Amino acid sequence: MRIRGGRLLVGRNAADASGHGASRHSPSEQTSFEGGATGDNVSGDTASGDSTSGDGPAAGGRGSAGAGPLASLWTRGAVALLAGALPALAFPAPGLWWFAYGALVPWLLLIRTARSPRRAALDGWIGGIGFVIAVHHWLMPSLHVFIVLLAALLGLLWAPWGLLVSRLLGGSPSAPRAVAAVVVVPSGWLMIELVRSWEGLGGPWGLLGASQWEVAPALRVASVGGVWLVSLLVLAVNTGVALLIAAPAARTTAGVLLVVCALSVTAMWAWAPRPTGDGTVRIAVVQPGVVEGPGSVARRLDRGEELTRSLEGRGVDLVVWGESSIGAGAWQSPETARRLAELSRRVGADLLVNVDARQTDGSGRSGIFKSAVLVGPDGPTGDRYDKMRLVPFGEYVPARSLLGWATSVGKAAGEDRLRGDRQVVMTLPDGDRGLRVGPLVCFESAFPDMSRRLVRDGAQVLVAQSATSTFQDSWAPAQHASLGALRAAENGRPMVHATLTGISAAYGPRGERVGRPLGTDASAAEVFDLPLARGETLYGRLGDWSVYGALAALAALCAVEGLRALRRPAPGPPGPPARTAHGSPGRPGH
């Protein structure tokens, strides 16, 4: 008996394989045992205890990576890169939200055919690179070639996920393993989203659940468990569809699990707490549009002033300008404060402007801050919020002494902005019914915890001030504006997204769009009548419980695998050498 080429050959066939008449015997006379990519043994599946037939893709059968076009390392890598990029089509601007529920299936099916754990991890990594580049491709003008390095580093987060997918979807999954897959594979993906949501890694941009921003049932799910629960739902559906396609033995189970997902959404739609109406508020957004060339800062201020004057007599409660609507030179001039105060008196409402200038904060620190500043009829009211979470490379360079060279190849920040140290809820005068406003600046609207904190501190309206003019002709403005719908639905509070150059939009407390958004080609002022709400959503009350549930699911899988490893019998001593068909151990071949 000899082992050759990963195949255990028994009896006459062993001798035949060594050159003694192998061509005389048909393949059916050979008995072969091949380990699957998931490391399952021959007699059972260590993930669920079920018997594997050995004919699945991960077991070297039909559709395995060892044959066909996917046998090529480069071809398989290209397929993984493309499969990882597909989910980007579900986000704005393409906005194919329905595609999200099947966009990951090709990637899942590819990983399950991996012939080894190493190959599965590599498929996950390469697919992760494709995902990061596709979702963030609009950053190329700022990062240039650096985006490839960034994608390669972030893509490593998907390597363990590739192992997880191969472990649970490889071979011929049984019903118990299918159930585990639909729970644990989404949980693994959610951990990736959680890790890369750290500001230093770029923040929570491109969370898969965010692709469902205009789907009312998904927004109801967000009110229960945040965008995290929506991501889990989307991944569960993708995993179930992959099982339907590739695992005949688990198709019934997969179908039942998909029905459970649908029933869960229906239950949340019917029984989850809804915000109740509490009047309306009239908020205006001023969007100057693209202003370029010499003197653009001053001309943008003039245009903002002109548009604000057009709001006179319209009964607005608050006027919101976009991010960096007032530059350093203008803010340092006393004339600017006088002009803004005069605008407030004419319109009959406070102005929430945004300053990008060198300032001193309440603790005495001096430097460049991005600040939301409230201005009333008598000038700045003293209410000010300094941006806390800065855009890597755009507003500061991480480890500048090491990565400062990025400023020479892209549009990275020449000087680091300083961070604020607390969130602020601003209260408008009693004449405006004491409206409490929670400001966010730029991509802070992508962080679910910041909006939730503002609402818990009493904010009745969330306001995000943004400027995406650097990425004007890309998918970025639409993606950024869409985040307001999720933050509104999560917290049961209306939200206004105001920009310099579009897209500016407003959303009601259930995440529904209110009024007409201002596109990237508009230079205008728009008034939104926003419904106010009271009450608390489940997400507002319980927070990120779905994240903790995903962590618990992964911990349970690790515990089960650990117990199986402990119960697995130790290998016994080796038996005596086998006698071959043509000789003895002492005289092989005779």
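Note that the coordinates shown come from a computational prediction; the quantities given were computed from them, not determined experimentally.
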Do His480 and Ser445 pair up side chain to side chain, a donor and an acceptor below 3.5 Å, judged on atom types alone?
yes
Does [Y] offer a backbone N or O that forms a donor-acceptor pair with the side chain of [X] under 3.5 Å?
X	Y	result
Trp161	Ala121	no
Asp529	Val281	no
Arg436	Ala459	no
His137	Ala134	yes
Arg493	Gln460	no
Glu193	Pro204	no
Arg456	Gly540	yes
Ser231	Gly209	yes
Arg274	Thr537	no

In Å, rounded to the nearest 0.5 Å, how long is the span from [atom1] of [X] to [atom2] of [Y]?
X	Y	atom1	atom2	answer
Ile129	Leu150	CD1	CG	11.0 Å
Leu110	Leu104	CG	CG	12.5 Å
Ile111	Arg119	CD1	CZ	10.0 Å
Leu157	Phe131	CG	CZ	11.5 Å
His136	Leu154	NE2	CG	7.5 Å
Arg534	Thr276	CZ	OG1	4.0 Å

Heavy-atom neighbours of Arg453 CZ exceed 12 at 6.0 Å
no
For residues 442-467, which residue pairs pass the ring pair (Phe, Tyr, Trp, His ring centres under 6.0 Å) check, not counting sequence neighbours?
Phe443-Phe447
Evaluate Trp475 against Phe91 for ring pair (Phe, Tyr, Trp, His ring centres under 6.0 Å), listing each step before the verdict.
CA-CA 9 Å; Trp475 296 356; Phe91 294 93; 9.0 Å; no
Please confirm whether Trp228 and Tyr548 have ring centers closer than 6.0 angstrom.
no
Worked check of salt bridge (Lys or Arg N to Asp or Glu O under 4.0 Å) between Glu444 and Arg487:
CA-CA 11 Å; Glu444 288 181 333; Arg487 303 293 87 85; over 6 Å; no
Assess whether a salt bridge exists between Glu561 and Arg564, defined as any Lys/Arg side-chain N lying under 4.0 Å from an Asp/Glu carboxylate O.
no
Is any NZ, NE, NH1 or NH2 atom of the basic residue among Arg389 and Asp449 found under 4.0 Å from an Asp or Glu carboxylate oxygen of the other?
yes
Between Met495 and the options Leu530, Val463, Leu440, the side chain to side chain contact (heavy atoms under 4.5 Å, CB included) test singles out Leu440
Please list all pairs meeting side-chain hydrogen bond (donor to acceptor under 3.5 Å, both in side chains) that have one or both residues in residues 200-214, counting only residues at least two apart or in different chains.
Tyr101-Gln212, Trp205-Gln479
Review item, side-chain donor-acceptor pairs of residues 256-264, under 3.5 Å, at least two apart:
unit_1, atom_1, unit_2, atom_2, d
Ser264, OG, Val260, O, 2.8

